[in-house]
Protein chains: 2
Amino acid sequence: MGLTIHTIRFYEKEGLLDDRHVRRESNNYRNYSEEAIERLKLIKKFQSIGCSLAELKAVLQDYDTNAHTNLQIIDWIRGKKKEIESKKEEYDQMLDTLNKMLEYKTLLMEDPQKAQEMLKAWHAGSSE
Amino acid sequence: MGLTIHTIRFYEKEGLLDDRHVRRESNNYRNYSEEAIERLKLIKKFQSIGCSLAELKAVLQDYDTNAHTNLQIIDWIRGKKKEIESKKEEYDQMLDTLNKMLEYKTLLMEDPQKAQEMLKAWHAGSSE
DNA sequence: ATAAACTATGAAGTGAACTCTATGGCAAGC
DNA sequence: GCTTGCCATAGAGTTCACTTCATAGTTTAT
């Protein structure tokens, strides 16, 4: 599933997987449960959107101890949603920027003079 | 602008800023041009969407030498756009997941039994 | 039954992106 | 004129997330 054995053991060592996820066979070899696979997928997903392992560890532990922190978890989820939404906006802005760059570079190949003008107009507007 | 002096000097050392951006005064102190500020903003933006400094260095250098690589830059921009778009999709999926988690956790506080049912349904469906 | 290929452990190493330290020059305030 | 504070440099240290290494036990293939 795209993770090396070393990475998974590293996660285990860091406390992202516990006894429920990793059992030992008679020869001391690791045996990963279905839950482990679900959890690793979850880790990959959250990680890909910028969560650190430390953050994930804290949240996952809270999450599965089902402790007295449901409200805190709900807060965390809400916060994450906000983060993701603002990240998406940033991405939209970047797409705008990239589109401008693309337009400029394309124009530069077709009509360098007009490209120059475009550059000036852009610089004039970007001071704000 | 949210960067320490150390970070900026580090960028300079790494070749992300050059003579056009950083001039020296008679006492050898650095003097940053307007272009430097624009460039640092650009770096911050691109970095925040996951570009490495190495990648930025390469692209920026190509970009401002105005060398024979316009087509390559255009390709890079197109590639980046794709990346950003798929990243945005990932974020949407994450929002879904978070919404489900939120729903579950909220339900757990109101009606633990129903929450259990929800969890089972979710696990049954998530095998795909 | 012996070698090849897997598993285990703890610990050291890597690369990215800073961040800090040590040392010293210059400059302004009291 | 001396301290305080900013600037300079080179280089060491830090954090994160792995990744590799050294060593040793286990399983499988020939």
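In what follows, chains carry the letters A, B, and so on, assigned in the order in which the sequence lines appear, proteins first and then strands, with residues in each chain numbered from 1. What's counted below: heavy atoms across the whole structure, side chains too, no hydrogens, waters or symmetry copies.
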*Asks:* Report the distance from atom OH of A:Y29 to atom P of C:dT9, rounded to the nearest whole Å.
*Replies:*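 Between P of C:dT9 and OH of A:Y29: 11 Å.
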*Asks:* In whole Å, I'd like the distance from the NZ atom of B:K44 to the C1' atom of C:dC18.
*Replies:*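 These atoms are roughly 14 Å apart.
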*Asks:* If I take atom CD1 in residue A:I5 and atom P in nucleotide D:dT19, what distance separates them, rounded to the nearest angstrom?
*Replies:*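 Answer to the nearest Å: 13 Å.
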*Asks:* Donor-acceptor pair, distance only, cut-off 3.5 Å: does the side chain of A:N99 make one with the backbone of A:L95?
*Replies:*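 Yes; at least one donor-acceptor contact below 3.5 Å.
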*Asks:* Just wondering, are more than 12 heavy atoms of other shown residues or ligands nearer than 6.0 Å to CD in B:E25?
*Replies:*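 Enclosed.
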*Asks:* For atom CZ of B:R20, decide whether the heavy atoms of other residues, nucleotides or ligands shown that lie under 6.0 angstrom number more than 12.
*Replies:*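 Atom CZ in B:R20 is crowded, with more than 12 foreign heavy atoms closer than 6.0 Å.
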*Asks:* Please round to the nearest 0.5 Å and tell me the distance separating atom CD1 of A:I84 and atom NZ of A:K81.
*Replies:*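 Going from the CD1 atom of A:I84 to the NZ atom of A:K81 covers 9.5 Å.
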*Asks:* Figure out the CZ/P separation between B:F46 and C:dA17, and round it to whole Å.
*Replies:*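 Rounded to the whole Å, the gap is 15 Å.
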*Asks:* Can you tell me if the side-chain N/O atoms of B:R30 get under 4.0 Å from OP1 or OP2 in D:dC7?
*Replies:*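 Looking at the OP1 and OP2 atoms of D:dC7, neither is under 4.0 Å from any side-chain N or O of B:R30.
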*Asks:* How many whole angstroms separate atom CZ of B:R24 from atom P of D:dC7?
*Replies:*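 In whole Å, D:dC7 P lies 12 Å from B:R24 CZ.
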*Asks:* Residues from residues 7-17 of chain B sitting under 4.0 Å of DNA chain D, heavy atoms only?
*Replies:*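 Those residues whose heavy atoms fall under 4.0 Å from DNA chain D, taken from residues 7-17 of chain B in numerical order, are B:R9.
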*Asks:* Base, sugar-phosphate, or nothing for B:T4, non-hydrogen atoms under 4.0 angstrom?
*Replies:*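 No contact at all - B:T4 keeps every heavy atom at 4.0 Å or more from the nucleic acid.
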*Asks:* On DNA chain D, does the nearest nucleotide to A:N27 precede the nearest nucleotide to A:C51 from the 5' side, or the other way round? Give the residue.
*Replies:*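 In this pair, the answer is A:C51.
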*Asks:* Test of understanding: with ring pair (Phe, Tyr, Trp, His ring centres under 6.0 Å), list the residues that count as partners of A:Y11, not counting sequence neighbours.
*Replies:*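 For A:Y11, no residue satisfies ring pair (Phe, Tyr, Trp, His ring centres under 6.0 Å) once neighbours in sequence are set aside.
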*Asks:* Evaluate B:K82 against B:E85 for salt bridge (Lys or Arg N to Asp or Glu O under 4.0 Å), listing each step before the verdict.
*Replies:* CA-CA 5 Å; B:K82 285 241 174 72; B:E85 264 144 19; over 6 Å; no
*Asks:* For the residue pair B:K44 and B:G2, what are the closest heavy atoms and their distance?
*Replies:*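 Nearest heavy atoms, B:K44 then B:G2: NZ-CA, 4.3 Å.
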*Asks:* To the nearest Å, how far apart are A:H6 NE2 and C:dA12 C1'?
*Replies:*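 After rounding, the gap between these two atoms is 14 Å.
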*Asks:* Just how far, in rounded Å, is C1' of C:dT7 from CZ of A:R23?
*Replies:*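 To the nearest whole Å, that distance equals 20 Å.
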*Asks:* Any base atoms under 4.0 Å from B:N28, or only sugar-phosphate, or nothing? Heavy atoms, all strands.
*Replies:*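 The answer is sugar-phosphate, as B:N28 gets under 4.0 Å only of primed atoms, P, OP1 or OP2.
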*Asks:* Rounding to a whole Å, what distance do you find between A:E55:CD and D:dT15:C1'?
*Replies:*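 Taking atom C1' of D:dT15 as the reference, CD of A:E55 is at 16 Å.
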